[in-house]
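Data block below; observations after.
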Amino acid sequence: MINRKREPTPMLERKRMIREICLATSLTIAMTAQTRSPVAPTPEMVRATVMEAHEKFKGDTSGKNADYIPYLAKVPSNLFGIAGMTTDGRTFTAGDVDYSFSIQSISKVFTLALAMEQLGPEEVFKKIGCEPTGRPFNAVMAVEDLPSRTGNPFVNAGAIATTSLIKGPAAAARWESILAFYSRVAGAKLSLIDEVYKSEAATNAHNRGIAVLLESYGRMYSDPLQATDVYTKQCSVGVTAKQLAMMGTTLANHGRNPQTGEQVIRRENVPHILAAMMMAGLYDGSGGWAWHVGLPAKSGVGGGLLAIVPGKGSIVGFAPPLDKAGNSVKAQRAIEYICDKLGLDLFSPRSVGLN
Ligand code: GLU
């Protein structure tokens, strides 16, 4: 029997070492390539673009504050902030990013997320649906016309029904678990802006009407008036543009808060949430937004707009004056400008993500 195993000679040893060095180098290159793309915009470019967008649109006076909630009419119209955050925790800000405004409809995203945590996505899909209504966000006619009645989680009917799904022996427990969940998504203790809540609760007869109508169709899952009250509270939660960017980045980061490291939203639920945002995040402006910007987003009548760059980060615009569809004018323009300049449209061959 011939022993083919050779003793390592200096030559063989050198070859082995060279192989190991090559392997280590290519691994390092591969790892670097995963986090740093040679074609994606650099942090300096992102920072400059956010500043540019703020400069370019800060003088824009088009649009009008929402006034069907009296408090919102009184918020200074010239407030304007942009906050971007990457999944590795870098922030890019300009303007009024520390002003606390009411989250309004953007809350619907996170109550949807909580409902899915509790019931699973298919149950929520069955109970709420996810189809465009082609009607204003609070249309009673949509409840009458649509087979699902609720439409989708981002029109008021579907949103109040989603709130009614949240577990709790009573409304107070439901509200507490919603607020606690939002705070975990934000990695910060959020709270109610009491004045907004009072102003909205005194004028929300239309939403109460929608909830009772849904109940008549068997599409409310707990007491309709209590659910409307909890929904009104969730809309009155205060957030700054920076806090909202953190909430958005938790979604972009597949449900894990980039700062606390907590997996707040199940990874597998996130694509459903983003799909709903893409389809109905900007009321009747959703199609135009998908066409021009190509990112899942959600707006609120408080003037906030949150756009998600999946896997990469989020961009928030905040400016109270709204267009006819109820979306912040300046926030839309600023985010569209940033996305176009940085090539973030998910559907575009130019889409390169962020560094
Ligand atoms: N609380 C508001 C409402 O129910 C939210 C509307 C919105 O931001 O679209 O009317």
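Remember, it's 1-based here, ligands and their atoms both numbered in the order they're listed. Keep in mind that this is a model prediction, so the values were computed, not measured.
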S216 side chain reached by L213 side chain, heavy atoms, under 4.5 Å: yes
Contact partition for N138 relative to ligand 1, non-hydrogen atoms under 4.0 Å: neither
Side-chain touch N257/R184, heavy atoms, less than 4.5 angstrom: no
Minimum-distance protein heavy atom relative to atom 1 (N) of ligand 1: E200 OE2, 2.3 Å
Purely on distance, is any nitrogen or oxygen of Y231 under 3.5 Å from one on ligand 1? yes
What residue and atom, counting heavy atoms only, is the protein's closest point to atom 2 (C) of ligand 1, and at what distance? Q104 OE1, 3.2 Å
Per-atom filter on ligand 1: closer than 4.0 angstrom to a heavy atom of F137 are 6 (C), 9 (O), 10 (O)
Show which atoms of ligand 1 fall inside a sub-4.0 Å distance from at least one heavy-atom site of G300. 8 (O)
Return the minimal non-hydrogen interatomic distance between P121 and H272, and the atom names on each side. CB-CD2, 3.6 Å
Taking N or O atoms only and a 3.5 Å limit, does V301 qualify as a polar contact for ligand 1? yes
Which residue and atom name correspond to the protein heavy atom nearest atom 9 (O) of ligand 1, and how close is it? Y283 OH, 2.3 Å
Can you tell if the side chain of F318 reaches within under 4.5 Å of the side chain of K330, non-hydrogen atoms only? no
Counting only heavy atoms not in M279 (residues, nucleotides, ligands), do more than 12 fall under 6.0 Å from its CE? yes
Measure from the side-chain N and O atoms of Q332 to the backbone N and O of S328, and report whether any donor-acceptor pair falls under 3.5 Å. yes
Looking only at protein heavy atoms, identify the closest one to atom 10 (O) of ligand 1 and say how far it is in Å. Y68 OH, 2.6 Å
At what distance is the nearest protein heavy atom to atom 7 (C) of ligand 1, and which residue and atom is it? S105 OG, 2.7 Å
Please could you name the atoms of ligand 1 that N207 approaches to less than 4.0 Å, counting only its heavy atoms? 3 (C), 4 (O), 10 (O)
Quick check on Q259: does its CD atom have over 12 non-hydrogen neighbours (other residues, nucleotides or ligands) under 6.0 Å away? no
Any idea which heavy atoms bring I128 and N152 closest together, and the distance? CG2-C, 3.8 Å
Would you mind listing which atoms of ligand 1 come within a distance below 4.0 Å of any non-hydrogen atom of C235? 1 (N)
